[in-house]
Amino acid sequence: GFISQHDPRLLFGLSQDERAQWVEVTWPNGEVERFQADARAGATLLLRQGQGSAELLALERTQLPDPLTRTESLARGLKVEVGRPVPDWALRTLAGEETTMHESLQTGRRTLVNVWATWCAPCLFEMPELEKLRPQLAAQGIDLIGLNVDTDPEARIAGFLQQTGATYPNYIGGVPVIEQLFATDELTVPLTVLLDENGVVIELIPGWSAETRRRFATLAGAEPEVPTATSTSHDD
């Protein structure tokens with residue numbers, strides 16, 4: 001706790017004991033001092049150098065905030081937000097034709113946008129599974145599209161798609177989309193964004209895991225299979 005800029009308290013476990021009879025401290029100057037104390041479990045003691053005895057403090061109980069969920073942590077690293085329209089990113093088709101994000105959306109239907117890259121190992125597992133769910137997603141009023149964010153102009157995008165067997169529409173976003181999608185230098189893919197019928201972001205689905213597979217299956221009205229891979233991150 002010395003020169004701590006956060007909580008200066010040090011926490012000690014007592015295992016099965018109810019109390020400790022003394023506490024020994026080695027101060028920053030090297031001096032060793034033993035404090036006599038009735039240090040009961042749950043007690044908070046104030047130790048002052050040179051006093052030799054501990055002061056029992058009466059503190060109100062506090063509760064630490066819950067850690068961020070995986071989705072909340074992801075959202076902090078993105079520029080897109082739930083409840084806001086998806087940006088009208090400039091995209092290219094595999095044939096090199098220019099289009100935009102909004103032009104790729106179908107009026108009156110939800111859209112599942114899967115963000116991927118050729119260096120993303122979990123994408124090799126996720127994209128074939130999404131391809132399998134495509135008919136069921138469509139039956140639920142959800143269109144499926146892919147969005148590539150490779151920065152290497154020589155990336156084998158078409159070959160990767162052939163390897164995964166993904167036949168749903170895929171677009172190339174590259175660096176411009178990366179700059180408008182991610183708020184940090186960390187590119188976390190796969191990333192899936194669910195849009196409502198008006199192109200508004202209604203859900204962020206991070207990575208590829210048992211949880212994401214269950215969510216995809218729920219959206220498609222299908223039963224999830226056993227997961228085979230997890231998400232990855234890449235600092236570009």
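Treat the numbers as computed from the prediction; the structure is a model and nothing was measured.
With salt bridges taken as basic N to acidic carboxylate O contacts below 4.0 Å, none links Arg214 and Glu211. Ion pair Arg213/Glu126 not flagged as a salt bridge, since none of the NZ, NE, NH1 or NH2 atoms sits closer than 4.0 Å to an Asp/Glu carboxylate oxygen. Between Arg34 and Glu24, at least one side-chain N (NZ, or NE/NH1/NH2) sits under 4.0 Å from a carboxylate O, which counts as a salt bridge.
Glu203 places none of its side-chain heavy atoms less than 4.5 Å from the side chain of Val82.
The backbone N or O of Glu186 lies less than 3.5 Å from a partner atom in the side chain of Thr184, making a donor-acceptor pair. The closest donor-acceptor contact from the side chain of Thr93 to the backbone of Glu97 lies under 3.5 Å. A donor-acceptor contact shorter than 3.5 Å is absent between the side chain of His102 and the backbone of Trp89.
For Pro128 against Thr164, the heavy-atom pair with the smallest separation is CG-O, 3.3 Å. Val200 and Gly83 make their closest contact through CG1-C, 3.5 Å (heavy atoms, listed as atom of the first residue, atom of the second, distance). The shortest heavy-atom contact between Leu14 and Ala20 is CD2-CB, 4.2 Å. Scanning both residues, Leu147 and Ile172, for their nearest heavy atoms gives CD1-C, 4.4 Å. Across Glu129 and Trp208, no two heavy atoms sit closer than the pair CG-CZ2, 3.7 Å. Here the closest non-hydrogen pair linking Ala183 and Arg76 is CB-O, 4.3 Å.
No more than 12 heavy atoms of other residues, nucleotides or ligands sit less than 6.0 Å from atom CZ of Arg156. Atom CD of Gln49 has more than 12 heavy atoms from other residues, nucleotides or ligands within 6.0 Å. When the shell of 6.0 Å around CD of Glu18 is examined, it contains 12 or fewer heavy atoms from other residues, nucleotides or ligands. Within a 6.0 Å radius of CD in Glu98, other residues, nucleotides and ligands contribute 12 heavy atoms or fewer.
Hydrophobic clustering of Ile, Leu, Val, Met, Phe, Trp and Tyr side chains at less than 4.5 Å, counting indirect connections, keeps Val175 apart from Tyr171.
In this structure, a donor-acceptor pair under 3.5 Å is present between the side chains of Thr167 and Arg134. Judged by distance alone, the side chains of Trp116 and Asp150 never bring a donor and an acceptor atom under 3.5 Å apart.
With Asp143 as the fixed residue, the side chain to side chain donor-acceptor pair (under 3.5 Å) test singles out one of Arg109, Arg110, Gln106: Arg109.
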